Amino acid sequence: MIIKQAFFNHSAIKVAQDLLGCFLIRKIGRKIIKTKIVETEAYDGPRDLASHASRGRTNRNAVMFGPAGYIYVYFTYGLHFMLNIVTGKPGYPAAVLIRAVEPFNGPARLTKGLAIKKNFNRLPIFTKKHGLWLEPKAEPIKPNNIIRAKRIGVDYAGAYKNKLWRFYLKDSKFISKK
DNA sequence: ACGATGATGAAC
DNA sequence: TTCATCATCGTA
């Protein structure tokens, strides 16, 4: 069972919540690493000042402007990779940042732990072909187990810094930041 | 061609 | 709070 492209064809805010509890699977050679998503953030639209897309389309962020279900990986702070999934309609830039999975807390640690580098940028997540895909959650998440909060590290984003577009599972021990 | 700047994490 | 450390982008 794999999560298909249509799953991502909604707003980033919805998809970010839908992804909580889903499984992120990485296959390297014969080895399979199965992780559970416990924390996400939504970056929604061209006006979201926290989003890379707010400064318009560039070569780096181009994948955010394309169809849903594709992977956006970028490099930051000179040493970290961040994993995002594009959502919504082509032409409308939006993505969900995977911030933490069990057993890796923090967006940089999960990419390191799963050996995700820039070579995944622009690849589809809705196929097993590239060794990285998603599987549905075992059971529905109760709404009161989802915490809504402000996004991390976006203090420069004006009115958008206060948007409650970060979501995490209340009972997880792998959240990147309280 | 150059300089500013991070969707971070770890150490101090 | 500082630092490690560099691709990307705006400006020129």
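Residue numbers begin at 1 in each chain, while the letters A, B, ... track the order of the sequences. Predicted model, so just to flag it, every value in this text is computed and none were measured.
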Length of the line joining A:Asn61:CG and C:dG10:P, which is rounded to integer Å: 9 Å
task: Look at all strands and tell whether A:Ala108 reaches a base, only sugar-phosphate, or nothing, counting heavy atoms closer than 4.0 Å.
output: sugar-phosphate
query: Between B:dA4 atom C1' and A:Arg55 atom CZ, what is the distance in whole Å?
result: 13 Å
- prompt: Hey, mind stepping through A:Phe126 and A:Tyr70 against ring pair (Phe, Tyr, Trp, His ring centres under 6.0 Å) and telling me if it holds?
  reply: CA-CA 8 Å; A:Phe126 49 86; A:Tyr70 284 80; 5.5 Å; yes
- request: Report yes if at least one side-chain N or O of A:Arg99 is closer than 4.0 Å to OP1 or OP2 of B:dT8; otherwise report no.
  value: yes
- prompt: Looking only at side-chain N and O atoms, does A:Arg109 come under 4.0 Å of OP1 or OP2 in B:dA10?
  reply: yes
query: Counting only side-chain N and O atoms of A:Tyr74, is one of them less than 4.0 Å from OP1 or OP2 of B:dG6?
result: no
- request: Rounded to the nearest angstrom, tell me the gap between atom CZ in A:Phe81 and atom C1' in B:dT8.
  value: 13 Å
- prompt: Taking atom types as they are modelled, is there a donor-acceptor pair under 3.5 Å from the base of B:dA7 to the side chain of A:His52?
  reply: yes
query: In the structure shown, which nucleotide is the Watson-Crick or G-U wobble counterpart of C:dA7, with both distances under 3.5 Å?
result: B:dT5
field: Pairwise distance CD1(A:Ile33) to CG(A:Leu24) - rounded to 0.5 angstrom
entry: 9.5 Å
Distance, rounded to the nearest Å, where A:Lys163 contributes NZ and B:dA7 contributes C1': 17 Å
task: Among B:dA7, B:dG9, C:dC9, find the nucleotide with the atom closest to the side chain of A:His80.
output: B:dG9
- request: Please report, rounded to the nearest Å, how far the C1' atom of C:dC6 is from the CE atom of A:Met82.
  value: 14 Å
task: Would you kindly give the CG-to-C1' distance between A:Asn121 and C:dA7, to the nearest whole Å?
output: 12 Å
message: Any base atoms under 4.0 Å from A:Arg151, or only sugar-phosphate, or nothing? Heavy atoms, all strands.
response: nothing
- prompt: Is there a donor-acceptor contact under 3.5 Å linking the side chains of A:Ser176 and A:Glu39?
  reply: yes
message: I want to verify a distance call: between C:dG10, B:dG9, C:dT8, whose nearest atom is closest to the A:Lys118 side chain?
response: C:dT8
query: Does the cation-pi check pass for A:Lys163 over A:Tyr160, that is, NZ or CZ under 6.0 Å from the six-membered ring centre and within 45° of its axis?
result: yes
- prompt: Checking all strands, does A:Leu79 fall into the base, sugar-phosphate, or nothing category for heavy-atom contacts under 4.0 angstrom?
  reply: base
- prompt: Once you round it to whole Å, what is the distance between C1' of B:dG9 and CG of A:Leu110?
  reply: 13 Å
message: For a quick check of understanding: with a heavy-atom distance under 4.0 Å over all strands, which category does A:Tyr43 fall into, base, sugar-phosphate or nothing?
response: base
query: What's the spacing between A:Trp165 CH2 and A:Lys150 NZ if we round to 0.5 Å?
result: 14.0 Å
Of A:Tyr77 and A:Asn59, the one whose closest DNA chain C nucleotide lies more 5': A:Tyr77
- line: Separation of B:dG9 atom C1' from A:Ile152 atom CD1, nearest Å, is 13 Å
